[in-house]
There are 4 protein chains.
Amino acid sequence: MSRLLSTSSFSITGSKPASYTDSSDDETSPRDKQQKNSKGSSDFCVKNIKQAEFGRREIEIAEQEMPALMALRKRAQGEKPLAGAKIVGCTHITAQTAVLMETLGALGAQCRWAACNIYSTLNEVAAALAESGFPVFAWKGESEDDFWWCIDRCVNVEGWQPNMILDDGGDLTHWIYKKYPNMFKKIKGIVEESVTGVHRLYQLSKAGKLCVPAMNVNDSVTKQKFDNLYCCRESILDGLKRTTDMMFGGKQVVVCGYGEVGKGCCAALKAMGSIVYVTEIDPICALQACMDGFRLVKLNEVIRQVDIVITCTGNKNVVTREHLDRMKNSCIVCNMGHSNTEIDVASLRTPELTWERVRSQVDHVIWPDGKRIVLLAEGRLLNLSCSTVPTFVLSITATTQALALIELYNAPEGRYKQDVYLLPKKMDEYVASLHLPTFDAHLTELTDEQAKYLGLNKNGPFKPNYYRCWLGAACSSLGGGGGGDTAAYICACVRISSKLSV
Amino acid sequence: MSRLLSTSSFSITGSKPASYTDSSDDETSPRDKQQKNSKGSSDFCVKNIKQAEFGRREIEIAEQEMPALMALRKRAQGEKPLAGAKIVGCTHITAQTAVLMETLGALGAQCRWAACNIYSTLNEVAAALAESGFPVFAWKGESEDDFWWCIDRCVNVEGWQPNMILDDGGDLTHWIYKKYPNMFKKIKGIVEESVTGVHRLYQLSKAGKLCVPAMNVNDSVTKQKFDNLYCCRESILDGLKRTTDMMFGGKQVVVCGYGEVGKGCCAALKAMGSIVYVTEIDPICALQACMDGFRLVKLNEVIRQVDIVITCTGNKNVVTREHLDRMKNSCIVCNMGHSNTEIDVASLRTPELTWERVRSQVDHVIWPDGKRIVLLAEGRLLNLSCSTVPTFVLSITATTQALALIELYNAPEGRYKQDVYLLPKKMDEYVASLHLPTFDAHLTELTDEQAKYLGLNKNGPFKPNYYRCWLGAACSSLGGGGGGDTAAYICACVRISSKLSV
Amino acid sequence: MSRLLSTSSFSITGSKPASYTDSSDDETSPRDKQQKNSKGSSDFCVKNIKQAEFGRREIEIAEQEMPALMALRKRAQGEKPLAGAKIVGCTHITAQTAVLMETLGALGAQCRWAACNIYSTLNEVAAALAESGFPVFAWKGESEDDFWWCIDRCVNVEGWQPNMILDDGGDLTHWIYKKYPNMFKKIKGIVEESVTGVHRLYQLSKAGKLCVPAMNVNDSVTKQKFDNLYCCRESILDGLKRTTDMMFGGKQVVVCGYGEVGKGCCAALKAMGSIVYVTEIDPICALQACMDGFRLVKLNEVIRQVDIVITCTGNKNVVTREHLDRMKNSCIVCNMGHSNTEIDVASLRTPELTWERVRSQVDHVIWPDGKRIVLLAEGRLLNLSCSTVPTFVLSITATTQALALIELYNAPEGRYKQDVYLLPKKMDEYVASLHLPTFDAHLTELTDEQAKYLGLNKNGPFKPNYYRCWLGAACSSLGGGGGGDTAAYICACVRISSKLSV
Amino acid sequence: MSRLLSTSSFSITGSKPASYTDSSDDETSPRDKQQKNSKGSSDFCVKNIKQAEFGRREIEIAEQEMPALMALRKRAQGEKPLAGAKIVGCTHITAQTAVLMETLGALGAQCRWAACNIYSTLNEVAAALAESGFPVFAWKGESEDDFWWCIDRCVNVEGWQPNMILDDGGDLTHWIYKKYPNMFKKIKGIVEESVTGVHRLYQLSKAGKLCVPAMNVNDSVTKQKFDNLYCCRESILDGLKRTTDMMFGGKQVVVCGYGEVGKGCCAALKAMGSIVYVTEIDPICALQACMDGFRLVKLNEVIRQVDIVITCTGNKNVVTREHLDRMKNSCIVCNMGHSNTEIDVASLRTPELTWERVRSQVDHVIWPDGKRIVLLAEGRLLNLSCSTVPTFVLSITATTQALALIELYNAPEGRYKQDVYLLPKKMDEYVASLHLPTFDAHLTELTDEQAKYLGLNKNGPFKPNYYRCWLGAACSSLGGGGGGDTAAYICACVRISSKLSV
């Protein structure tokens with residue numbers, strides 16, 4: 001059950017629009033209600049269809065900040081790249097998701113949708129979607145039984161069988177595997193969004209049980225850079241400020257881990273006048289930290305003096321009870337990394353320590369001598385618990401999902417096997433290009449002569465497909481063929497090596 | 001012949017130590033001189049063996065700034081990993097190279113050395129090496145005939161045959177291919193430093209003519225990041241200041257290309273108070289420029305208003321005559337990219353324009369109406385022509401070369417085939433770790449429990465070998481095996497994805 | 001009446017401690033209640049004396065972040081510099097104020113206290129103070145009549161007459177002038193905290209009606225720098241994020257005014273990857289903006305393209321209806337300046353525009369064509385309305401107030417006349433020095449030889465007394481006339497204080 | 001005599017134009033030559049009148065970067081504000097000075113000119129001025145006797161008596177005081193540029209011997225901010241790079257003093273990836289350093305670990321022999337502050353230490369154990385010795401000088417007394433506004449309504465006249481006594497001017 005709460009790939013907390021009605025007074029389960037939308041359909045199950053109008057307004061506002069999806073709709077007026085697609089989806093039900101769903105519809109797809117988290121559904125949005133004719137089965141505060149019932153209602157329909165899956169966390173995929181394995185015969189592919197879901201897919205693949213191609217959209221370059229470096233650069237400040245109202249200037253901070261997330265945190269805090277120390281295990285990242293102007297230390301060396309400890313390692317027990325014992329009074333401890341294991345919070349559940357909840361998501365842990373440690377979000381992810389995710393980032397994710405669905409649905413036989421794939425480089429670039437107008441950014445086009453000189457197609461991809469291999473040349477050492485094609489890639493690589501890495 | 005001047009992988013210009021004697025008065029060719037070092041050997045050919053003392057002091061100063069090589073020497077006191085190695089080298093002959101050569105000697109190797117550039121040899125350093133017993137054949141101001149004669153003297157020796165090649169530019173390798181192809185039977189590998197040399201090796205490989213393993217040290221992660229991002233961040237300021245004495249504050253600058261070099265240039269100029277515009281062809285790099293706070297424009301849109309134009313694309317004709325015609329008076333134009341083709345300098349060689357050399361490396365190109373464009377280094381690389389390369393960067397390169405030689409020399413049969421390789425990830429990390437003490441930087445060590453959790457060896461590598469593929473997962477889509485090992489990599493990747501990219 | 005709401009010198013909004021009880025159920029007016037504290041005293045009037053324990057804990061937490069006041073308490077253990085002082089105060093009643101009041105008590109003073117704002121009192125804190133024996137008359141949600149009644153209860157006491165005033169907004173001072181003018185015979189001085197209150201004092205002084213010395217603590221260097229530059233650097237991000245969840249990266253922003261507030265806003269947004277334009281009227285500040293890397297424009301030139309408009313001028317009608325008409329869809333408009341006049345909000349109250357309240361403090365103003373402008377805090381101060389003030393800044397203010405009271409109370413006859421003064425430079429430096437330990441910052445001490453060389457006392461002041469002279473108001477303390485001209489300068493100063501320093 | 005070398009207010013070193021002819025072969029003293037310009041005049045004394053053409057080109061290039069003076073020329077086409085002025089000048093003779101002189105001529109003045117430094121004259125520029133008809137008496141490499149002879153030739157002319165003085169260092173003023181005191185009867189004022197010269201004027205004033213008004217242009221806001229904060233931000237990097245070719249990334253640096261100069265140095269090094277520590281004596285500046293993200297330490301605490309020590313205090317013996325003894329090997333020591341007393345260089349002249357000159361301006365001081373300290377410019381000002389001053393900064397100075405001359409020459413009787421003044425605020429603003437077009441910067445104009453609201457004139461001044469009061473010296477212009485105390489303050493001010501502003 002805990003998975004239902006934790007597999008979400010992004011936060012839906014944060015300040016909510018003022019107009020959301022509080023439906024807490026209505027205690028009837030949606031499953032027991034008889035509701036119809038204005039066109040007479042009852043193929044949905046939401047909290048209250050009458051909230052549709054409010055939800056519609058939220059969707060309209062979100063549309064304004066998701067220009068890439070709106071552009072896709074426009075381009076799809078002629079051809080419908082998803083004509084015939086029957087997509088079953090299981091994601092958070094938010095205004096942004098609604099924009100995605102309605103875009104898929106505009107591209108020709110039929111959709112049925114459930115929530116991937118029992119708490120995250122915005123009831124008004126679900127109502128608006130139901131009112132527009134989308135079979136949506138989701139409400140805020142589902143029970144575990146409700147959760148699986150909703151998923152089943154999406155899949156188990158007479159006269160309709162999905163041929164595409166859009167999943168966030170892998171529960172929908174898991175359900176079909178378990179209950180309706182034959183359904184995979186008609187399914188052209190799975191698009192998965194979350195780290196957890198991707199991990200489950202790789203396990204299936206390793207076990208030889210993955211029977212359709214799957215697209216891992218979590219690890220696309222664009223999403224990674226935005227979710228990690230750029231988004232964390234902003235959310236570390238937001239999360240700390242909303243919970244503690246602290247002043248950043250002059251504060252001593254230690255950031256554990258100097259990957260993309262750590263880089264984002266360090267850059268933001270340095271810019272706000274904090275003095276930042278970094279810990280690392282990897283000498284290359286360590287050297288980067290040095291060149292970026294951060295003292296590289298072991299946590300022990302600074303633990304007595306710092307005002308804030310931030311973990312971003314993806315590792316476990318990075319902050320131990322021993323560290324916590326040595327921190328100074330009022331030290332703030334929080335986690336921006338990948339799991340809730342980075343801080344050994346369990347070690348603080350001992351009788352001699354007093355816990356005091358001072359605000360939502362803020363605990364004071366008090367030592368016998370009166371020392372207080374300020375623990376945020378009980379060691380869970382600060383950015384998901386205590387700040388919001390900008391629509392712009394959600395827009396990148398949603399656009400990537402849409403393109404992944406289009407790619408898998410339209411790919412010629414044989415292009416994708418029963419394996420987990422990343423979005424082709426060119427589509428990654430396409431997602432990025434759809435977001436440039438937001439910044440009034442003008443891309444330069446290669447001349448024919450320049451494209452020839454670089455050995456590139458004028459429309460991209462501008463990096464080799466395995467550019468994620470940031471040095472294409474690396475691949476020859478992987479025994480990965482080494483044939484003529486590789487050499488061609490290498491030539492291009494070498495020529496443009498001055499701008500190779502993203 | 002022009003290659004002899006241009007293949008250098010780094011600059012040797014810049015302010016020279018005050019004490020270098022001017023030997024311009026001695027016009028006799030070194031080939032015509034009879035010289036012996038103090039131990040009676042005459043197996044060398046340098047300008048003047050009497051300059052050895054001066055050269056020795058320069059080497060000693062360089063040693064202080066190359067702690068990684070000194071550390072290698074220390075660790076090699078027990079075992080000699082290069083015992084039996086007979087290395088023939090062809091590189092710039094500078095104090096830093098001398099520290100490398102003497103380190104190779106300390107590791108057990110015998111070396112013979114020539115210069116890879118007819119102008120770059122520091123005669124005093126060559127003398128010091130010859131005095132210490134190194135057979136060095138190099139002087140400043142060689143003729144082309146001298147150049148090949150020196151190389152031949154290194155290779156064509158009675159009773160001594162090289163089994164390793166350290167090359168910079170590929171001339172030495174080329175000479176052996178052409179004159180002594182049989183020598184390759186005993187050669188265990190080639191270590192190549194320059195872009196040009198690496199390109200030649202890939203061509204050989206593609207043509208099926210590469211008959212020994214080769215190590216491309218130009219593209220190691222550590223070197224790339226230092227040569228491009230960090231080094232350019234400093235050298236753009238240095239190069240502009242030394243040539244023009246301009247003030248950066250408030251200046252409008254357009255940087256063409258937002259790869260590592262462009263990122264370094266943009267960051268530095270923004271920090272100094274310039275207003276920076278960026279042009280890009282790749283939407284992903286373009287989106288990064290936006291998020292980093294730069295207006296993304298087409299060159300045409302800002303060409304009339306900017307004070308400085310900097311190219312870093314690796315492309316050709318990025319700045320055309322048309323652009324140059326539209327620039328405002330006093331606009332500065334320079335190139336930080338990969339070749340001298342980025343600015344169409346040839347288009348400025350027309351009768352109506354007047355060229356005026358106002359300083360070394362600085363030309364005013366004057367239009368009929370009096371407008372002046374300030375062209376730096378005639379469009380060649382600003383950082384190589386007008387600023388110096390810090391010893392610290394040279395230290396990283398030299399250490400990488402030493403480790404590549406050790407790896408190729410000691411690799412078990414079959415590890416490397418007749419192909420071009422990158423340094424294994426672990427050695428890359430080792431180079432980085434040897435440079436951390438310079439910054440008094442303290443690396444954190446994984447606990448056993450953490451290493452197990454991450455699926456990593458405590459001593460690294462901390463990223464998969466194809467980490468240069470910054471997302472290991474990518475490789476499964478390359479059809480590159482997909483077997484059990486890949487899946488293992490993927491697991492590790494997914495777990496540490498929050499800190500994946502360098 | 002509006003003054004009671006608006007004269008507050010800082011915000012008390014923001015996330016409140018979780019434990020604050022909601023006393024909305026208790027509708028009885030505190031004036032009608034009979035309450036006693038545990039020692040039997042009933043010389044107070046608060047919402048509910050039983051909330052004292054909760055309030056005490058909040059005070060204890062605040063004590064941990066106000067080390068300067070705690071240091072003052074410690075130093076006062078020997079002598080009591082406020083022994084005999086009878087202080088009547090009128091400020092916001094918050095945990096931080098409580099720490100100040102209890103410090104004044106520890107220094108020997110007797111205090112009576114009312115609230116300067118009818119909404120800002122934290123009832124639990126007021127209860128805790130009453131429980132400790134402080135005569136406090138304040139609760140959240142006073143009526144206007146309550147407000148003056150509370151003030152009167154502080155002043156009009158049998159057998160007790162104040163000899164010092166600590167005011168925030170000038171209402172207390174005004175009440176005494178109006179009702180008990182004779183009381184001034186025993187009053188040694190007034191310490192005033194707010195811009196409005198200081199302005200009223202200068203008007204009194206100009207009119208020749210100021211009959212005791214007054215200390216303007218609003219304009220101390222330390223407070224100014226912290227309130228403006230450093231605090232705004234953080235609160236602009238906080239305010240925008242809490243209200244809109246926007247992403248800063250890549251956004252185009254125009255900041256009107258490049259004084260301290262504008263400098264803080266620009267620095268923060270630039271650091272977060274926004275592209276920032278600046279407007280200015282003063283060529284010196286304009287040149288600074290250029291050198292700091294901002295394009296200096298007229299508002300008209302960029303109004304169509306920017307995503308955010310921020311006013312920090314201290315001027316009126318900086319953003320007009322004409323500007324608002326030309327802004328693009330979704331443009332965010334907010335004010336960080338000095339008054340609510342910078343944006344011509346009144347011009348938006350026309351029939352063709354629709355206002356939609358989407359969140360607390362966030363309105364969408366909708367044009368007939370569907371364009372929406374996002375107006376924050378209805379044009380009032382963003383940082384006061386939508387973010388919180390860090391305790392650290394409040395600590396500086398409170399320490400300055402305590403020192404000002406000590407100085408005025410202990411000053412020898414004749415040092416201060418019936419005029420408005422700034423805190424002597426040396427005391428300003430002392431406030432700063434008391435806050436350095438927070439940062440574990442170690443000050444260097446001059447040697448005797450160095451002090452002599454510089455002509456300074458080893459213990460300061462390190463700048464001439466009129467160093468603050470950059471704030472025109474300082475000059476009144478120079479004895480430099482004080483005539484009509486000076487007053488004229490002062491008026492101008494006060495009005496434009498948000499952009500005073502170059 | 002040493003003063004002749006040291007009183008220069010800016011550097012004239014740095015890379016020289018390539019075209020300057022080397023006139024070292026011509027050993028005849030200019031005083032012994034008979035030269036005429038093309039119009040037949042021989043009222044000048046320069047190295048070689050034939051070099052005029054080269055000099056003219058340099059002047060033309062400088063004109064392009066001094067738009068403010070060119071704008072003044074244009075505006076003066078109608079009226080000639082300096083008609084009748086007879087200016088005698090003593091400054092560095094450079095292309096920038098030439099643009100100033102020719103501007104003064106265009107404004108109606110007659111000028112005679114000598115050099116204020118025996119080494120700094122650019123002979124070609126002097127020749128060009130002589131050719132244009134300016135009586136110039138200056139050449140590179142004057143003897144002390146030549147120096148005073150040249151000055152005398154400017155002053156002691158039959159039929160021409162100066163009525164204005166433009167001085168840089170005070171030697172010209174001193175000469176007239178000593179030799180031709182009666183000349184002051186006709187002199188309307190002195191404009192002085194250098195710290196030293198201003199100091200001498202204040203001493204004269206204090207002694208009651210100043211018999212004409214003097215304008216201190218050194219301390220104008222615009223010049224101070226540019227010379228200190230903005231210029232040092234760039235020149236610290238330039239000076240370190242040109243002398244040592246060091247890499248800034250990751251280096252630990254301690255900056256002593258956090259005034260404007262220190263702020264500039266810290267900001268630049270932080271931006272380049274250095275880790276910066278700050279020392280301070282003033283708690284207010286110390287708190288600013290904290291808020292800006294720098295660890296505030298005592299020098300002793302970090303002296304063993306830092307790679308670079310930079311002094312910017314204006315104090316003496318900030319770096320002592322004891323500190324130097326404890327520095328680590330290769331530590332770089334340099335001075336950006338106000339005098340050559342900050343580093344106790346004399347203490348290094350002891351027998352056990354070896355000095356080795358490794359480059360121009362770079363000494364290695366070697367301890368008996370082999371430790372080397374890298375001392376730059378022998379402890380003199382790094383920015384003057386090892387980098388150049390951008391024309392843009394010189395333009396601000398020259399424009400300020402021109403406006404000061406106009407103001408003093410045209411001021412109505414009584415506006416200025418026999419005292420030292422700062423340029424009126426409005427003229428300071430005017431200098432700034434003349435430089436905005438360089439940045440294509442567009443100033444906003446107040447509406448009538450706004451000007452009234454702020455109580456300001458639409459054309460400025462926008463700050464009170466004594467706004468500059470942050471420089472104590474300003475107060476003399478407030479009529480604030482000018483007694484002994486003021487003078488005392490002023491002395492202190494001048495000495496510590498490098499760290500004056502908070």
Side-chain angles (χ1 to χ4, degrees), chain B residues 14-19 57-58 60-61 64-65 226 229-231 233-235 237-252 267-268 270-273 275 305 307 328-330 356-362 364 370 372 387-393 435-436 438-441, chain D residues 14-19 57-58 60-61 64-65 226 229-231 233-235 237-252 267-268 270-273 275 305 307 328-330 356-362 364 370 372 387-393 435-436 438-441:
Chain B
S15 17
K16 286 298 174 312
S19 54
R57 206 191 61 201
E58 287 299 313
E60 285 168 3
I61 291 176
Q64 299 188 351
E65 303 186 42
F226 277 82
L229 181 63
Y230 296 120
C231 207
R233 185 177 66 182
E234 304 195 3
S235 59
L237 301 183
D238 191 30
L240 285 172
K241 206 67 151 184
R242 290 200 204 208
T243 49
T244 69
D245 294 324
M246 65 174 302
M247 195 160 192
F248 301 123
K251 289 297 189 307
Q252 293 191 62
K270 185 183 182 184
M272 287 296 110
I275 294 157
Q305 77 193 67
D307 301 290
K328 73 179 184 190
N329 188 33
S330 299
E356 208 172 274
R357 167 64 47 115
V358 296
R359 284 181 186 172
S360 168
Q361 308 283 359
V362 184
H364 281 191
R372 287 160 185 264
S387 65
T388 59
V389 175
T391 294
F392 187 75
V393 173
H435 286 85
L436 288 175
T438 301
F439 301 110
D440 189 28
Chain D
S15 17
K16 286 300 174 311
S19 55
R57 207 190 62 203
E58 287 299 314
E60 284 167 2
I61 292 176
Q64 298 188 352
E65 303 187 40
F226 278 82
L229 180 63
Y230 295 121
C231 207
R233 184 176 69 182
E234 303 195 4
S235 60
L237 301 182
D238 190 30
L240 286 171
K241 207 67 153 184
R242 290 200 205 208
T243 49
T244 70
D245 293 326
M246 64 173 302
M247 195 160 192
F248 300 124
K251 290 297 190 305
Q252 293 192 63
K270 185 183 183 184
M272 287 296 110
I275 293 156
Q305 78 193 67
D307 300 291
K328 72 179 185 190
N329 188 33
S330 299
E356 208 172 274
R357 167 66 47 114
V358 297
R359 285 181 185 171
S360 169
Q361 307 284 358
V362 184
H364 282 192
R372 287 159 185 264
S387 65
T388 59
V389 176
T391 296
F392 187 76
V393 173
H435 286 85
L436 289 174
T438 301
F439 303 110
D440 188 28

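Protein chains get the first letters and strands the later ones, always in sequence-line order, with residue 1 at the start of each. Hydrogens, waters and symmetry mates play no part in the numbers below; they use all other heavy atoms, side chains included.
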Under 4.5 Å from a heavy atom of chain B, the part of [X] involved:
| X | answer |
| --- | --- |
| D:Ile275 | neither |
| D:Glu356 | side chain |
| D:Tyr230 | both |

Exercise for the section: Could you check which of D:Ser235, D:Cys231, D:Ala271, D:Gly250 has the highest count of heavy-atom pairs closer than 4.5 Å to chain B? Expected result: D:Gly250

Fill in the blank from the handout: Counting heavy-atom pairs under 4.5 Å with chain B, the top scorer among D:Lys251, D:Arg233, D:Glu65 is D:Arg233

Practice task
Using a 4.5 Å cut-off on heavy atoms from C-beta on, say whether the side chain of D:Arg372 contacts that of B:Gln64.
Solution key: yes

May I ask you to decide if [Y]'s main-chain N or O and [X]'s side chain share a donor-acceptor pair within less than 3.5 Å?
| X | Y | value |
| --- | --- | --- |
| B:Asp245 | D:Pro390 | no |
| D:Asp307 | D:Gln252 | yes |
| B:Thr244 | B:Lys241 | no |

Would you mind checking which part of [X] comes under 4.5 Å of any heavy atom in chain D, side chain (CB onward), backbone (N, CA, C, O), both or neither?
| X | answer |
| --- | --- |
| B:Phe248 | both |
| B:Gln305 | neither |
| B:Met247 | both |

Handout entry: Options B:Asp238, B:Asp440, B:Leu237, ranked by heavy-atom pairs under 4.5 Å with chain D, top entry
Key = B:Asp238

Problem - Residue pair B:Arg357 / B:Arg359: nearest heavy atoms and the distance that separates them - result: CD-O, 2.8 Å

Problem - Point-to-point distance, once rounded to the nearest 0.5 Å, from CE of B:Met272 to CE of D:Met272 - result: 5.0 Å

